[in-house]
Every structure is written in structure tokens, then in C-alpha cells.
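Some notes on the structure that comes next.
Indexing begins at 1, ligand by ligand and atom by atom, following the structure's order. Model, not experiment: these values are computed from the prediction.
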Amino acid sequence: MPDVPEPPVDDPLYRDPALARFYDAANRWSADFDLCRKLTDGATSILDLGCGTGELTAELGRRARVTGVDPAAAMLDIARKRRGGEAPTWVEADARTVRLHETFDWVLLTGHVFQVFLTREDQLAALRTIAAHLNPTGRFIFDTRNPLLRGWEGRTRQNTLQRIDHPALGRIETWNEAAYDEATGILTYENGFRVLATGETSSGKARIRYTSHEDLCALLTEAGLEVERWLGDWDERPLHPDTREIIPIGRRG
Ligand SMILES: C[S@@+](CC[C@H](N)C(=O)[O-])C[C@H]1O[C@@H](n2cnc3c(N)ncnc32)[C@H](O)[C@@H]1O
């Protein structure tokens with residue numbers, strides 16, 4: 001059983017069931033999940049930290065012992081009810097503090113979970129959790145957006161407005177707006193949703209942190225982790241100053 005966690009990150013986008021129900025419609029299976037499925041082929045145990053609604057977790061649970069950890073009960077409720085949701089072990093806990101007292105062949109953090117940690121201390125705590133759950137031949141992978149690309153620029157409601165289909169609510173409108181603080185590397189963003197059939201509108205604010213490759217190298221070393229490959233995107237292209245993502249793959253140092 002996990003130890004009692006600290007209070008989790010208080011993020012309405014994931015904590016509020018009215019907002020969590022939009023997550024899967026706005027975030028579909030994509031290259032990150034494909035690569036995780038490929039890399040973990042043959043693994044017998046996998047830890048998915050910040051598993052959210054568990055789409056990847058449930059898929060991996062078809063062929064390995066899988067544990068999904070997330071502090072947001074609303075996200076885990078969706079995960080448990082999805083097809084294949086009965087196979088993984090779901091743990092409501094915080095990646096900064098959780099200790100499951102077992103180790104895994106792979107530890108994954110997809111969907112830029114690493115960016116929810118807003119201080120160096122919290123980032124280090126999450127990386128130490130990865131190290132604590134890797135077996136001697138185990139590997140980790142996670143993604144964080146490359147700050148050199150300044151992807152937050154131009155993110156206004158007008159520029160980001162999209163119409164997508166929600167399986168239960170029908171056609172919905174989504175948008176996001178963001179403001180970046182150069183001093184801290186913290187982006188404050190707001191995701192909004194409108195159900196076209198009813199006009200019901202909801203939105204939630206959240207914060208994420210951008211980290212340079214250089215700072216991440218220092219954090220990983222301090223946490224006792226060693227990187228074997230740096231990718232620049234989930235299609236496996238190598239890391240470069242112009243790539244969208246910073247993706248380390250490694251093991252305990
Ligand atoms: C963008 S979602 C990613 C979910 C999933 N990994 C995916 O790829 O779809 C971010 C997730 O991080 C979770 N999260 C927030 N704070 C966390 C923490 N302290 N420890 C672990 N997960 C956290 C949120 O609840 C949310 O489910």
C-alpha cells in the first residue's frame with residue numbers, strides 16, 4: 001500500500017469531474033502512447049505516474065502488471081470504468097511522495113505530467129519517485145515541452161478554438177489561453193469547453209513549468225538517474241534545439 005501522500009496539486013482541470021470528462025475527447029491516443037507501447041513490449045511490470053484517465057495504462061494492462069498513479073479522483077474514476085480498466089491497479093496518490101514498495105521494468109510519465117511540478121524541489125521529488133520504483137534493469141521515459149520553441153506564444157481563445165466530437169455530449173468547442181512568466185518559467189493557462197447542444201460552458205485554470213535541457217540534466221543526475229537516449233519528439237527523432245519535446249529515456253545511475 002502507498003504511504004499517505006502530501007496534498008496533491010490542486011488543479012481543477014483534473015480534479016473537477018465536470019472538467020475531467022472532457023479530457024479524453026481533447027487528448028486522443030497519439031505518438032506518445034504508440035512509443036510507450038512499443039518500448040514496453042515484453043515488460044512484465046509498468047508504473048504509469050500521473051496516469052490520468054488511464055487510456056495508456058489500460059492498454060498496457062492487457063499484457064503486463066500495471067499500476068496507474070494519479071492524485072485526481074475524477075480522472076481515476078474515468079480510468080476504472082474504461083474498457084480494460086479492471087486490469088491495472090489504480091492508486092490515488094501524488095508522484096512527489098508515493099512509495100509503492102515495489103519496483104518496475106518501466107516507469108512512464110506521459111502527457112507532460114513532469115510539467116505540473118512547479119518548483120525545483122517538487123521536480124526533484126518526482127524524479128526521486130521514479131528512481132525509487134525502477135528495478136535494476138528498469139527504464140523510465142517522460143516528456144517536457146522544449147522552452148526554446150516558445151510554444152505558448154499566440155495561444156488566445158481565437159487562435160486555439162476547435163470543434164471536436166465528445167462521445168456522450170456530441171459536438172463541443174474547446175479553446176485555451178496562456179500567459180508565460182519569463183522569470184519562473186511558469187505558464188498559467190485556461191482550458192475552456194462549450195457543449196454546442198446545450199450551451200453549457202466550463203473552464204479551468206492550471207499552471208505548468210518549462211524546464212531547459214540543461215536544468216533537466218542537473219535534476220536527473222541529482223535524483224540518481226542516468227539518461228541513455230534523449231529524444232526530441234515521440235517519433236524518436238533525436239533531441240535538437242528545434243525539436244518540440246525534451247524526452248529522456250534512462251535508468252537508475
Ligand atoms: C495532462 S494529464 C496526463 C495524463 C496521462 N498521463 C496522459 O498522458 O493522458 C496530467 C495528469 O497529471 C496529474 N497530476 C497532477 N499533479 C500530479 C502529481 N502531483 N502527481 C501525479 N500526477 C499528477 C493530473 O491529475 C493529470 O491526470
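Near Gly52, meaning under 4.0 Å from one of its heavy atoms, ligand 1 places the atoms 4 (C), 27 (O). Listed by number with element, the atoms of ligand 1 under 4.0 angstrom from any heavy atom of Met75 are 27 (O). Heavy-atom proximity to Asp94, at under 4.0 Å, picks out these atoms of ligand 1: 18 (C), 19 (N), 20 (N). Within ligand 1, counting atoms from 1 as listed, the ones closer than 4.0 Å to a heavy atom of Ala95 are 18 (C), 20 (N), 21 (C).
Ionic pairing of Glu102 and Arg65 is present here: one or more N-O contacts between side-chain nitrogen and carboxylate oxygen are shorter than 4.0 angstrom. A salt bridge links Arg82 with Asp24: the closest approach of a Lys/Arg side-chain nitrogen to an acidic carboxylate oxygen falls below 4.0 angstrom.
Closest approach of Asn135 and Asp105 over heavy atoms only: ND2-OD1, 2.7 Å.
With a 4.0 Å cut-off on non-hydrogen atoms, Val113 touches ligand 1 through its side chain and not its backbone.
In this structure, Tyr210 has its ring center closer than 6.0 angstrom to the ring center of Trp152.
Considering Thr40, Thr110, Thr57 in turn, Thr57 is the only one that fulfils the side-chain hydrogen bond (donor to acceptor under 3.5 Å, both in side chains) rule with Asp48.
Residue-ligand proximity: Val116 is placed with a non-hydrogen atom under 4.0 Å from ligand 1.
In summary, the side chains of Glu177 and Thr156 do not present any donor paired with an acceptor at a separation below 3.5 Å, with no hydrogens or angles considered. A donor-acceptor contact under 3.5 angstrom links the side chains of Thr129 and Arg99, judged on distance only.
Polar contact check, Gly50 against ligand 1: a nitrogen or oxygen pair lies under 3.5 Å apart. Where the criterion is an N or O separation shorter than 3.5 Å, residue side chain and backbone included, Asp70 meets it with respect to ligand 1. Residue Ala72 places no N or O, backbone or side chain, under 3.5 Å from any N or O of ligand 1.
Counted within 6.0 Å of CZ on Arg62, heavy atoms from surrounding residues, nucleotides or ligands total 12 or fewer; the atom is thus considered open.
One option in Tyr23, Tyr14, Phe33 has a heavy atom closer to atom 26 (C) of ligand 1 than any other, and that option is Tyr14. Closest heavy-atom approach to atom 14 (N) of ligand 1 among the candidates Ala126, Pro71, Ala125: Pro71.
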